[in-house]
2 protein chains.
Amino acid sequence: MVAETSRRDRHREQTVGEIKQIARRQLTEVGTGGIALRAIAREMGMTAPGLYRYYASLDDLITALILDCYEEVVTAMEQARDALPADSLGARLHAASRAFRTWSVGHPVEFGLIFGAPLPGYARPPEGALEQAGARFAGVFRDLFVQIWARRPFPLPDESSIDPRLVEQLERYSARTGGRLPVTAVYLFVACWVRMYGAVAMEVFGRIRWALEEGGALFETELRQLAELLGITEEYALPPAPSSAAGGA
Amino acid sequence: MVAETSRRDRHREQTVGEIKQIARRQLTEVGTGGIALRAIAREMGMTAPGLYRYYASLDDLITALILDCYEEVVTAMEQARDALPADSLGARLHAASRAFRTWSVGHPVEFGLIFGAPLPGYARPPEGALEQAGARFAGVFRDLFVQIWARRPFPLPDESSIDPRLVEQLERYSARTGGRLPVTAVYLFVACWVRMYGAVAMEVFGRIRWALEEGGALFETELRQLAELLGITEEYALPPAPSSAAGGA
DNA sequence: ATGCTTAGTTATCAGCGTTCACTTAGTGGT
DNA sequence: ACCACTAAGTGAACGCTGATAACTAAGCAT
């Protein structure tokens, strides 16, 4: 066993990459329903049953694509975060948030895959791989949130203003994830995420066009409000480049 | 021309109703991708091409379903609103909001149809019928918002806290719809809707389950916060029935 | 060189939206 | 009452989809 990767293994990895690459391209071109085994195989110069050597079913391939998308958006957020000094926590949170929106707007179909309505015939795998990827995504925001709180606690809402049932659920969630924050801070975290999700999802799904031509300005305004809640407005600054010029491959 | 509806016309209307009814049932059972002309025809004891006498294409039928869903949710909201005294504006807004969430949670697939990611192969009709239905939906919230403002103006955010580009867009939107509110109030309206949309969409799409078991308590807490913004907290009251027992056919 | 594993093929099945040619049933005019 | 017209519905066909079974060819280790 000199090399773990034989000639055949390397060829296999390359084929898997080609499948996912073509699948991603067709996904963005045709939309969520455009992931078709036969179309992928055709473009690869293969026949459809051959793909079953690499994925047990279409759902398995979709799961792989979703995991890749998680990886992409998380990487984009982490890179944006790490491009700033480690002690500029507020700026880091802003950068990660903007990276989240930029990726989402640039990849609307993939965003729907991760954060939208469940796919028509798709059945989530029971292994928990998707949950793990989701937790990693949430972790980027949560870690920054916790660090900002640890550095300089911000004012928290009164617990009496939170529905008692929600307090219970939040306490369970908090206990599940280590629980170093007061429950009202956990509430604030969830509430902030809901607001950011709402702004981005509405824009990406095109559900805000009845009022606005574009979503970037709304997002920035929302981000500024969230910054106020967390006491990091002094680290708020307009994004380095106009939102439409960002993004990439 | 004694009767506008001949025997054949009545039969046709009945058939259209049966088509939509079966389509709705299959939609809720199988999901968004479950709208299949052949399956509908089979259940009706017909063949698929026969359905083309009633809808020019599958997309046309989907459009009809979406319009029906708009009608349903708007009716639910209006009924909840009108069940309360006309001068209890805050209570009316709360009732309409809760009706919106109740319908959405009870009809997750239909919610995705209206407010989620665009359907895979579906092409929106260019006539503007969907836009009109959407405008009617937004009108329920907007009218209540305007009335509440007219009765007792609530504190508005400073215009300097809003992105100038957003102010421009909001002013255009405001002018388009009559424009009797200051632009900062229009912003508040949009921001409130984004927050409510976020909370409901996350719950309906199951994207909050990593933290919470259920979404009703979060929604109530969010609703209470929005009530504070609009100065109608004294009209806030817990919903008449537990949120899980509501809903219906 | 032999034997096992993997990659990929063809053939086939059931289901999908859509079109075309055709039959049947209902409607209005004379 | 009859005739012409229209709408409703059928059956066959085309090309697309995911999936399975049986089979061939290539890679690899012993």
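Because the structure is predicted, anything quoted here is derived from the model rather than measured. Here is the naming used below: chain letters follow the sequence lines, and residue numbers restart at 1 for every chain.
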Engineer: Sort and list the pairs that fulfil ring pair (Phe, Tyr, Trp, His ring centres under 6.0 Å) and have at least one residue in residues 121-146 of chain B, not counting sequence neighbours.
Structural biologist: B/Phe100-B/Phe137, B/Phe115-B/Phe137, B/Phe137-B/Phe141, B/Phe137-B/Trp193, B/Phe141-B/Trp193, B/Phe145-B/Phe154, B/Phe145-B/Phe189

Engineer: Nearest-Å distance, CG (A/Asp9) to P (C/dT5)?
Structural biologist: 15 Å

Engineer: How does protein contact run along nucleotides 7-12 of chain C, one letter per nucleotide 5' to 3', with B for base contact, S for sugar-phosphate only, - for none, heavy atoms under 4.0 Å?
Structural biologist: BBBBBB

Engineer: If the condition is side-chain hydrogen bond (donor to acceptor under 3.5 Å, both in side chains), which residues does B/Arg24 pass it with, not counting sequence neighbours?
Structural biologist: B/Glu72, B/Glu110

Engineer: Does OP1 or OP2 of C/dC16 have a side-chain N or O of B/Arg42 closer than 4.0 Å?
Structural biologist: yes

Engineer: In whole angstrom, what separates B/Tyr52's OH from C/dT19's C1'?
Structural biologist: 8 Å

Engineer: Give every residue pair that meets the salt bridge (charged side-chain N to carboxylate O under 4.0 Å, His left out) criterion with at least one member in residues 48-60 of chain B, sequence neighbours excluded.
Structural biologist: none

Engineer: Can you sort out the partners of B/Gln26 under side-chain hydrogen bond (donor to acceptor under 3.5 Å, both in side chains), two or more places apart, ordered by chain and number?
Structural biologist: B/Glu43

Engineer: Could you state the atom-to-atom distance from CG of A/Asp60 to C1' of D/dA19 in whole Å?
Structural biologist: 13 Å

Engineer: Starting at CG of A/Leu37 and ending at P of D/dT20, how long is that distance when rounded to a whole Å?
Structural biologist: 11 Å

Engineer: Rounded to whole Å, how long is the line connecting atom CD1 of A/Ile35 with atom C1' of D/dT17?
Structural biologist: 13 Å

Engineer: Quick check on DNA chain C: between B/Ala56 and B/Ala39, whose nearest nucleotide comes earlier from the 5' end?
Structural biologist: B/Ala39

Engineer: Is the number of heavy atoms from other residues, nucleotides or ligands within 6.0 Å of CD (A/Glu131) greater than 12?
Structural biologist: yes

Engineer: Answer with base, sugar-phosphate or nothing: what part of the nucleic acid does B/Leu61 contact at a heavy-atom distance below 4.0 Å?
Structural biologist: nothing

Engineer: B/Arg38: which residues meet the side-chain hydrogen bond (donor to acceptor under 3.5 Å, both in side chains) condition with it, sequence neighbours left out?
Structural biologist: none

Engineer: In whole angstroms, how far is the P atom of C/dC16 from the CD1 atom of B/Ile40?
Structural biologist: 10 Å

